[in-house]
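What follows is a short report on a single structure.
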There are 2 protein chains.
Amino acid sequence: MAKVVRTIERLPKRERHQLLGSLIDDNPFITDQELTRQLKVSIQTVRLDRLELGIPELRERMKLMAERSYDPVRSLPLDEVIGDIVDLQLDHSGISLFEIKEEHVFSRTGIARGHHVFAQANSLAVAVINDEIALTATADIRFVRQVKLGEKCIAKAYVRSISGGRSKAKVEVFSYVSDEMVFQGSFLIYRSAGETVIEGGMDGADRN
Amino acid sequence: MAKVVRTIERLPKRERHQLLGSLIDDNPFITDQELTRQLKVSIQTVRLDRLELGIPELRERMKLMAERSYDPVRSLPLDEVIGDIVDLQLDHSGISLFEIKEEHVFSRTGIARGHHVFAQANSLAVAVINDEIALTATADIRFVRQVKLGEKCIAKAYVRSISGGRSKAKVEVFSYVSDEMVFQGSFLIYRSAGETVIEGGMDGADRN
DNA sequence: ATACTTGTTAGTACCTGGTTATAATAGCTG
DNA sequence: CAGCTATTATAACCAGGTACTAACAAGTAT
């Protein structure tokens, strides 16, 4: 009888911790009582598990959420770069991904609002410029077709020229949903060539 | 002795209710204990007051905030129109105001990120078109000078032409900080002329 | 076999921030 | 004076925990 009996219901600790994490993750309002039922262990075990995993009690979780949403300088999804940059060759090209979610669409039609698609492209155009400060000067953009809820937008940026004593760069950005082009933009980016302070620009990007 | 004695500290009920309301309003995380101290009445009175005013207990307040911020379709400040529309003459012109706050700037420099200024202009260009659905087709934009934290951006939109069987409109938008122009954009907006479904556009606007 | 360790469960005391109900008191009013 | 409102007090109870102590089962080491 060296074999583990393991009632079907009962998971090993590791897996239980995983499950507990994801349960709380997709319902932060769950009580220990409910977790007890779902995990088929005692409430003490649930509490020890939370302790081990550093998961605070229900009320603390709610308080944290409330405080975060009350924070006036909360980091909007617009904070640094719109979209996830998956490839970046400075001064040459870059790729970013951006998934269209509920909060990006016009609720009545499910069509993404233009400035989100623009923001992704603009962010990428600025990011691809290898400089301390990069500011969008002008942009010529075209929304080729609408992008809908749930679609994944792939933006590809190409640096076309570095002119004017390295103070300007032209960047072209094409955004796709699968193979279809949905957006095209031509950006003129000012850069801080050395310590030159530039007038008439917007946006910035860090280099690290 | 018909005169009310009224200790300086103690307010009449009405005023206390007002004060209580505003205290909770600008610090939703305040407990009855703290209210007791600030209002100089017993905790029972505080609780009776909350009862009368229909203000839930601290934990309920936090829960409501947490739930609201957890709501997947939460109305971000990006939801409908960026900026406050202060004047709108459909198919002719419009004005909107937008104040640059912490969350709109690049933290290192305090310079507004381009897509916010674009978003204001784009929203206004779409809003000024008198139609059920209006979608940005193309835009030619220019960031004339950077906009900084705390500045108020005034966008003015003018409908320049209504062409192509009422299916396209050209809208020009100029954004100013005081008298200085900071942004200029030329938008081509597709509209749903009757029931025509348009391809290759973005964004929408309601009419009510 | 015995001791030690880990995992789990149980039980108790205590905490915060309240609710609900009941009663006592003060002060004014008709 | 009775009747009313406003306020305060007191006590029981609740949810959803924390903190601690104890007990037991199973596996591992000695």
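Letters A, B, ... mirror the listed sequences (proteins, then strands); counts begin at 1.
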Rounding to an integer number of Å, can you tell me how far [X] [atom1] sits from [N] [atom2]?
| X | N | atom1 | atom2 | result |
| --- | --- | --- | --- | --- |
| B/L35 | C/dG18 | CG | C1' | 13 Å |
| B/M62 | C/dT16 | CE | P | 14 Å |
| B/L64 | C/dG18 | CG | P | 14 Å |
| B/K13 | C/dC28 | NZ | C1' | 15 Å |
| B/I43 | C/dT16 | CD1 | P | 12 Å |
| A/H17 | C/dT8 | NE2 | C1' | 11 Å |
| B/D49 | D/dT5 | CG | C1' | 13 Å |
| A/R14 | C/dT8 | CZ | P | 13 Å |

Phosphate oxygens OP1/OP2 of D/dT7: is one of them under 4.0 Å from a side-chain N or O of B/S42?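 No.
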
Can you tell me if CD on A/E52 sees more than 12 non-hydrogen neighbours from other groups inside 6.0 Å?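 Counting neighbours around CD of A/E52, more than 12 heavy atoms of other residues, nucleotides or ligands fall under 6.0 Å, so yes.
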
I need a per-nucleotide contact map over nucleotides 11-22 of chain D, read 5' to 3'. Cutoff is protein heavy atoms under 4.0 Å; write B for the base, S for backbone only, - otherwise. ----BBBB----

At 4.0 Å (heavy atoms only), tell me whether A/L48 reaches a base, stays on the sugar-phosphate, or touches nothing. base

Side-chain donor-acceptor pair present, B/N122, B/T136, cut-off under 3.5 Å: yes

Test of understanding: with salt bridge (charged side-chain N to carboxylate O under 4.0 Å, His left out), list the residues that count as partners of A/D49, not counting sequence neighbours.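 Once residues adjacent in sequence are excluded, the partners of A/D49 under the salt bridge (charged side-chain N to carboxylate O under 4.0 Å, His left out) criterion are A/R16.
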
Rounded to the nearest 0.5 Å, what separates atom CD1 in B/I55 from atom CZ in B/R61?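 Result: 7.5 Å between the selected atoms.
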
Can you say whether the rings of B/F183 and B/F118 are parallel (under 30°), tilted (30 to 60°) or perpendicular (over 60°)?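 Perpendicular: the ring planes of B/F183 and B/F118 meet at over 60°.
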
Can you tell me how the ring of B/H104 sits relative to the ring of B/H116, calling it parallel under 30°, perpendicular over 60° and tilted otherwise?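 Aromatic pair B/H104/B/H116 classed perpendicular.
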
